[in-house]
Protein chains: 2
Amino acid sequence: MENDEKLINIRNNKEYHCPVEATLDVIGGKWKPLILWQLKEVEVIRYNKLQQNLHGVSPRMLTKQLRELEEDGLVNRKMYPEIPPKVEYSLTEFGKTVAPILEALCDWGSEYLGRQCTLGQEK
Amino acid sequence: MENDEKLINIRNNKEYHCPVEATLDVIGGKWKPLILWQLKEVEVIRYNKLQQNLHGVSPRMLTKQLRELEEDGLVNRKMYPEIPPKVEYSLTEFGKTVAPILEALCDWGSEYLGRQCTLGQEK
DNA sequence: CGCCTTACTATACTTTTTGTTAGTGACTAT
DNA sequence: ATAGTCACTAACAAAAAGTATAGTAAGGCG
């Protein structure tokens, strides 16, 4: 690429060649957009509930993705010192900034691939 | 999920649980958003040039992703019966509908992860 | 006492995805 | 005759993702 300026992720100093690539490094992956979407919809959710809503992601994968999102500052993890344990996940303020991406993903999926479906806002 | 309606991809009859998932099935993957972004920027591009601009995707991956995008109706492949061969890729009208997603990815990357960079619009 | 609960972790394994390298066909330029 | 061009394929290797199952801590409940 002739015009190949550098793009630096200010949060971890990684280098990219274009902003799209940088974004994908943070919210790419099979489950992350789904997790973020879920958190955006329900605001606060517990681990087991989240797992159910992602129709059966394994605990191994879910934990891994959540940890990475936490590290990247998109997700809050709040644990209550109770028994049995209680842990709540939610978006950070920074995490909320990805909303436009999630909405674009949702809109396109609804409009071009099938028919609308409303997400489970239980209770 | 209590409210678990079905979403069907009208192009291949696959079933999903939410529109975001459906979208990811089409434009997810390590290289697809980058390919689509590139095509959106330059409109028409040849194979080798595309490979360079994606700074070193392997031919195997590039071909695979292009084929899938073609199958899903997002990308045109036009080959000229010349020697050496010449093949041009571009977005279909349907492919152009993903622009809002790509822009959202780009905007977020620019705004939250580093500083703007302009893509190589050579010549 | 023994079972239930939640949010995981650990281990082992299989499958899928991604990457590396070399090579091909057919013509053109040297 | 040899090297170069382009757009790929083929064969293989490595990495990531996914599956299955078991286990843990520590208190509540019957």
Side-chain angles (χ1 to χ4, degrees), chain A residues 1 14 16-17 20-21 24-36 38-39 42 44-72 75-90 122-123, chain B residues 12 14-17 20-21 23-36 38-39 42 44-72 75-90 122-123:
Chain A
M1 226 186 288
K14 281 200 205 167
Y16 308 100
H17 297 77
V20 174
E21 191 191 354
L24 291 174
D25 198 36
V26 178
I27 65 154
K30 180 154 179 180
W31 297 104
K32 283 180 188 174
L34 260 21
I35 292 171
L36 293 169
Q38 187 69 210
L39 291 178
V42 305
V44 176
I45 194 169
R46 294 177 66 176
Y47 184 90
N48 275 6
K49 185 72 188 160
L50 184 54
Q51 190 183 197
Q52 287 164 36
N53 287 5
L54 300 179
H55 63 281
V57 60
S58 66
R60 179 166 138 55
M61 272 298 113
L62 182 55
T63 301
K64 191 162 170 283
Q65 305 293 301
L66 282 171
R67 293 281 184 279
E68 289 177 16
L69 290 170
E70 229 192 307
E71 261 191 34
D72 286 326
V75 162
N76 278 320
R77 179 174 185 271
K78 183 173 180 187
M79 52 185 306
Y80 298 81
E82 301 175 0
I83 300 266
K86 176 175 173 182
V87 179
E88 285 179 346
Y89 291 93
S90 57
E122 71 288 343
K123 245 176 253 147
Chain B
N12 62 15
K14 281 200 205 167
E15 263 187 28
Y16 307 101
H17 297 78
V20 173
E21 191 191 355
T23 302
L24 291 175
D25 198 34
V26 178
I27 65 155
K30 183 156 177 177
W31 297 104
K32 283 180 187 172
L34 260 21
I35 291 171
L36 294 168
Q38 187 69 210
L39 291 178
V42 304
V44 176
I45 194 168
R46 294 178 64 179
Y47 184 91
N48 275 5
K49 185 71 189 159
L50 183 53
Q51 190 183 196
Q52 286 164 37
N53 286 6
L54 299 180
H55 65 280
V57 60
S58 66
R60 176 166 142 54
M61 270 299 112
L62 182 55
T63 300
K64 192 162 170 285
Q65 306 291 297
L66 283 170
R67 294 280 183 281
E68 290 177 14
L69 290 169
E70 229 192 309
E71 261 191 35
D72 286 326
V75 162
N76 278 320
R77 179 176 184 269
K78 183 174 180 187
M79 50 185 308
Y80 297 82
E82 300 175 3
I83 300 266
K86 176 175 173 181
V87 180
E88 286 179 347
Y89 291 93
S90 57
E122 70 290 341
K123 245 172 251 146

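As the structure is a computational prediction, the values presented were derived from the model and not from experiment. Every chain is numbered from 1, with letters handed out A, B, ... down the list of sequences.
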Out of [options], whichever nucleotide has its closest atom nearest the side chain of [X]:
X: Asn48(B); options: dT9(D), dG19(C), dA7(D); result: dA7(D)
X: Val87(B); options: dC8(D), dC8(C), dC12(D); result: dC8(D)
X: Ile83(B); options: dT9(D), dG19(C), dC27(C); result: dC27(C)
X: Ser58(A); options: dT19(D), dC27(C), dC8(D); result: dT19(D)
X: Tyr47(B); options: dT9(C), dC8(D), dT20(C); result: dC8(D)
X: Thr63(B); options: dC8(D), dC8(C), dA7(D); result: dC8(D)

Nearest whole Å is fine: how far is [N] [atom2] from [X] [atom1]?
X: Met61(A); N: dC8(C); atom1: CE; atom2: P; answer: 15 Å
X: Glu68(B); N: dT17(C); atom1: CD; atom2: C1'; answer: 10 Å
X: Leu62(A); N: dA20(D); atom1: CG; atom2: C1'; answer: 17 Å
X: Leu34(A); N: dA17(D); atom1: CG; atom2: P; answer: 14 Å
X: Arg77(A); N: dA7(C); atom1: CZ; atom2: C1'; answer: 8 Å
X: Arg67(A); N: dA10(C); atom1: CZ; atom2: C1'; answer: 14 Å
X: Met79(B); N: dC8(D); atom1: CE; atom2: C1'; answer: 10 Å
X: Glu88(A); N: dT6(C); atom1: CD; atom2: P; answer: 14 Å

Next on the checklist: For a quick check of understanding: with a heavy-atom distance under 4.0 Å over all strands, which category does Tyr89(A) fall into, base, sugar-phosphate or nothing?
Outcome noted: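 Sugar-phosphate: the residue Tyr89(A), judged by heavy atoms under 4.0 Å, touches backbone atoms but no base.
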Checklist entry - Are any non-hydrogen side-chain atoms of Leu62(B) and Ile35(B) less than 4.5 angstrom apart? => result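 Yes - at least one pair of side-chain heavy atoms lies under 4.5 Å apart.
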Next on the checklist: With a 4.5 Å cut-off on side-chain heavy atoms, are Tyr47(A) and Thr63(A) touching?
Outcome noted: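 They are in contact (side-chain heavy atoms under 4.5 Å apart), so the answer is yes.
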Next on the checklist: Tell me if a side-chain donor or acceptor on Glu21(A) pairs with a main-chain N or O of His17(A) at a distance below 3.5 Å.
Outcome noted: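 Side chain of Glu21(A) to backbone of His17(A): a pair is present.
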Checklist entry - If you take atom types as modelled and just measure distance, does the side chain of Arg60(A) reach the base of dT19(D) with a donor-acceptor pair under 3.5 Å? => result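 Flag set: donor-acceptor pair detected.
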Item to check | Pair of N/O donor and acceptor under 3.5 Å linking dT6(C) base with Arg46(A) side chain | outcome: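 Answer is no: no donor-acceptor pair is held.
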Next on the checklist: Assess whether a salt bridge exists between Glu68(A) and Lys64(A), defined as any Lys/Arg side-chain N lying under 4.0 Å from an Asp/Glu carboxylate O.
Outcome noted: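 Here Glu68(A) pairs with Lys64(A) in a salt bridge, since their nearest N and O are under 4.0 Å apart.
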For [N], does either OP1 or OP2 sit under 4.0 Å from a side-chain N or O belonging to [X]?
X: Trp31(A); N: dA17(D); value: no
X: Lys86(B); N: dA7(D); value: no
X: Lys64(A); N: dT9(C); value: no

Next on the checklist: For Lys86(A) and Met79(A): C-alpha separation, side-chain torsions, deciding distance, then whether side-chain contact (heavy atoms from CB on, under 4.5 Å) applies.
Outcome noted: CA-CA 6 Å; Lys86(A) 176 175 173 182; Met79(A) 52 185 306; over 6 Å; no
Next on the checklist: Nearest heavy atom decides the nucleotide; on that basis, is Pro59(B) or Gly29(B) closer to the 5' end of DNA chain C?
Outcome noted: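 The answer here is Gly29(B).
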Item to check | Comparing Leu66(B) and Pro84(A) on DNA chain D - which has the more 5′ nearest nucleotide | outcome: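 Going by which nucleotide is closer to the 5' end, it is Leu66(B).
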Next on the checklist: Within the 3.5 Å criterion, strictly below it, is a donor on Asn76(B) or Tyr89(B) matched to an acceptor on the partner's side chain?
Outcome noted: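 Not at all, the side chains of Asn76(B) and Tyr89(B) share no donor-acceptor pair under 3.5 Å.
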